[in-house]
Protein chains: 2
Amino acid sequence: MAGRTRNSSSKRATLADVARAANVSAITVSRVLNHPDKVSDELKNRVQQAIDSLGYIPNQSASSLASSKSGVIGVCIPSLSNVVFNDVLRGIYQVAGEGNYKVLLVDTHYSPLEEEKMVRTLLSQSPEAMIITGGDQTRSCERMLSQANIPVVQIMETLEQPLDMNVGFSHYQAGYDVAVRLLETGCHTLGFIGARMDTRVQQRMNGFMAALQERDRLDSKLIVTTPQPSSIALGGELLRSVISASGGKVDGIFCCNDDLAMGALFESQRMNIQVPSQLALCGFNDFEASAYINPSLTSVHVPRFEMGVKAAQMILDQLQERVPANRQVDIGYEIVMRQSTAVV
Amino acid sequence: MAGRTRNSSSKRATLADVARAANVSAITVSRVLNHPDKVSDELKNRVQQAIDSLGYIPNQSASSLASSKSGVIGVCIPSLSNVVFNDVLRGIYQVAGEGNYKVLLVDTHYSPLEEEKMVRTLLSQSPEAMIITGGDQTRSCERMLSQANIPVVQIMETLEQPLDMNVGFSHYQAGYDVAVRLLETGCHTLGFIGARMDTRVQQRMNGFMAALQERDRLDSKLIVTTPQPSSIALGGELLRSVISASGGKVDGIFCCNDDLAMGALFESQRMNIQVPSQLALCGFNDFEASAYINPSLTSVHVPRFEMGVKAAQMILDQLQERVPANRQVDIGYEIVMRQSTAVV
DNA sequence: TTGTACGCGTTATCAT
DNA sequence: ATGATAACGCGTACAA
């Protein structure tokens, strides 16, 4: 009873309701909405009025079912808290929005099994395309994805064998390059601190270690990692570990991301260790703070927004049958040398 | 032709396909999926095998249409880049996931008009509930929301007249309290820097100014704002503005968020201004870095994750007909005094 | 416990 | 340019 007082408790208007109000057939209403050019101006006006007065909102489920077009792009990222994905998502949302696609976003918590479950959930929404992070899917997940027969873009890293399309860069090469650059600035004893250790962080570490190994500079005691999620606090802890492992001799550290690097920097300040004269620090991802902190932080800049944009564009191109120029894109990166590493 | 080579290009399996393969009726398959307890073990096994071998994934559009249950919660936030929403979203996703709800997330770019459009888009997906930021909706948006007849939670700030449910805190009171605390630490000339200036930032500013006004300490020249999006770089610029507007006399600044505060801190360091002895700084939102930076940053801590959790919980309670204990929750905040403000 | 018939709201197809 | 009819894939209601 009480609930019946507002007419808002009456059922949502349907195409048929609008059609009745406008004295036309349902399909005409549908056309006004989806192919306005195929309807005469007179009917268009009548229908539009009925739509407005009824507050009609199309039922996308019915539309999807009838047209097998959901207008949804599924997106899988490993973590909602990791700021790195903010920019990527922004790029995806921007392009998707422009193309009138909705984004269904899920968080896999860095777990391939959870990813598999989430992909199943996404696929049940009949997405027209998927964007998924990295290449670490379960077999079953890969199978679902390929059976879905929709465009799939794997992002964040370049893959040897993408499921379909791919936008990213080589974390291995980036790590390798960082080692080389740090050596060039005169570092002698290099360490690495890494948290979370997902496949991409591992690649950075592998590249870094390979470069050192090739030059006979690798001391694996100075490679300190933890599966814990990355944080500033952790950066401080890991810094202490490396310093003590090196007996105080480490003079350059590659931090697997800028959180860790900032933590290491703050901790250095507290320990009265001069950066960069006593200790060089290099981060990864180039957060905004890295450029402004004192001393400013050398970091690996990655065009994350552009990566999101590119991924979404490749999908739209594909969906609109414009064949995308490339099915695999290396978006690159740039090591930005700042005050936390010595001038060469 | 080429496209026909993989059987993956054949159509997605349906309930009927599974039913045929398992030699049962469609409804039985549906029951295995949704009410497994109502099916005999034998049939359950047969059906499950058919499901697995066909790689059947339910069509949520059809399900939504038939049951008018979409399993979707719509979420509106004003910005994907603003880190503040990460934690809130994490809370929402966690609780929603546990309740087997999917989240459809949209970004309104701080524009009520875009919000209205996005809400329309969300509603077309027949969400079972909505979470929306703040109370600054257009009339038309409010109407749609109430006509949708679903639980709606407005988050991030406490509202006088919520559309439905509400979780947040008083930004006005927080700003007021900051002024009081800064005065208590011995500041004489207080300024404010604010960016973006959405309604919540305005509330913080209003509260701050009111406290100063009441104590005859308000110098409106020292209230410096810009509609530009907040950033660390901007914090530095705004700091300079306030300092010059005050003729160098400002000795305490409330920054509308931690980005700005960090920018102000970094700039102070470059200008050789001692924090807090010459200048006290207080931020807002208490990012992780604020606790570790040197000097550590006084800031207003807000339980964002908890806010997201609470909002989602209120919705689940409502959807499961457990009447929620409260329809409006003040999640509170805490001013965390650190090194960037003097000890009292 | 299992099945049949029908409807959910929309669009595709084919007519007019 | 407009309309009638039949899907789309699933769940509800009821029947057996």
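Computation of the quantities below employed the complete heavy-atom set of this structure, encompassing side-chain atoms and omitting hydrogens, waters and symmetry-equivalent molecules. Proteins get letters first, then strands, A, B, ... in listed order; numbering begins at 1 in each.
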Inset, instruction - Keeping to residues at least two apart or across chains, list the salt bridge (Lys or Arg N to Asp or Glu O under 4.0 Å) pairs with something in residues 99-117 of chain B. - result: B:E116-B:R120
Legend entry - Within residues 305-316 of chain A or reaching into it, pairs that qualify as side chain to side chain donor-acceptor pair (under 3.5 Å) - sequence neighbours excluded: none
Legend entry - Under the salt bridge (charged side-chain N to carboxylate O under 4.0 Å, His left out) test, residues paired with A:D136 that sit two or more places apart: none
Legend entry - salt bridge (Lys or Arg N to Asp or Glu O under 4.0 Å) contacts in which one or both residues fall within residues 58-78 of chain A, not counting sequence neighbours: none
Legend entry - Qualifying residues under salt bridge (charged side-chain N to carboxylate O under 4.0 Å, His left out), relative to B:E142, sequence neighbours excluded: B:R139
Legend entry - Intermediate values then yes/no, side-chain hydrogen bond (donor to acceptor under 3.5 Å, both in side chains), A:S126 and B:R12: CA-CA 10 Å; A:S126 316; B:R12 178 171 161 185; 2.9 Å; yes
Inset, instruction - For A:T28, enumerate each residue passing the side-chain hydrogen bond (donor to acceptor under 3.5 Å, both in side chains) test, keeping only those at least two apart in sequence or located in another chain. - result: A:S25
Inset, instruction - Please report, rounded to the nearest Å, how far the P atom of D:dG9 is from the CZ atom of B:R20. - result: 11 Å
Legend entry - Beyond-backbone contact of B:H35 with B:D37, side-chain heavy atoms, under 4.5 angstrom: yes
Legend entry - Sequence-aligned protein contact record of nucleotides 11-16 of chain D, with B where the base is within under 4.0 Å of a protein heavy atom and S where only the sugar-phosphate is: SB----
Inset, instruction - For DNA chain D, determine which residues of residues 40-59 of chain B have any heavy atom closer than 4.0 angstrom to one of its atoms, and list them numerically. - result: B:Y56, B:P58, B:N59
Legend entry - Whole angstrom value for the distance that separates P of C:dT10 from CG of A:D17: 9 Å
Legend entry - Contact under 4.0 Å: B:S68 side-chain N or O vs C:dC8 OP1/OP2: no
Inset, instruction - Can you tell me the distance, in whole Å, between the NZ atom of A:K38 and the P atom of C:dT11? - result: 13 Å
Inset, instruction - Using atom CZ of B:R12 as one end and atom P of D:dG9 as the other, report the distance to the nearest whole Å. - result: 9 Å
Inset, instruction - Could you name each residue pair satisfying side chain to side chain donor-acceptor pair (under 3.5 Å) that touches residues 151-160 of chain B, not counting sequence neighbours? - result: B:Q137-B:Q154, B:E157-B:R200
Legend entry - Net bend of the helix from C:dT1-D:dA16 to C:dT16-D:dA1, end axes of five pairs each, nearest 10 degrees: 30°
Inset, instruction - Can you tell me the distance, in whole Å, between the NZ atom of A:K11 and the P atom of C:dG9? - result: 6 Å
Inset, instruction - Only counting residues at least two apart or in another chain, list the ones meeting salt bridge (charged side-chain N to carboxylate O under 4.0 Å, His left out) with A:R327. - result: A:D164
What pairs of donor and acceptor atoms, side-chain ones from residues 40-47 of chain A against any protein atom, are under 3.5 angstrom apart with sequence neighbours left out?
residue : atom : partner : partner atom : Å
A:S40   : OG   : A:L43   : N            : 3.4
A:D41   : OD1  : A:K44   : NZ           : 3.4
A:E42   : OE2  : A:R46   : NH1          : 3.2
A:K44   : NZ   : A:P36   : O            : 3.1
A:N45   : ND2  : A:D41   : O            : 3.4
A:R46   : NE   : A:A22   : O            : 3.0
A:R46   : NH2  : A:A22   : O            : 3.2
A:R46   : NH2  : A:N23   : O            : 3.2

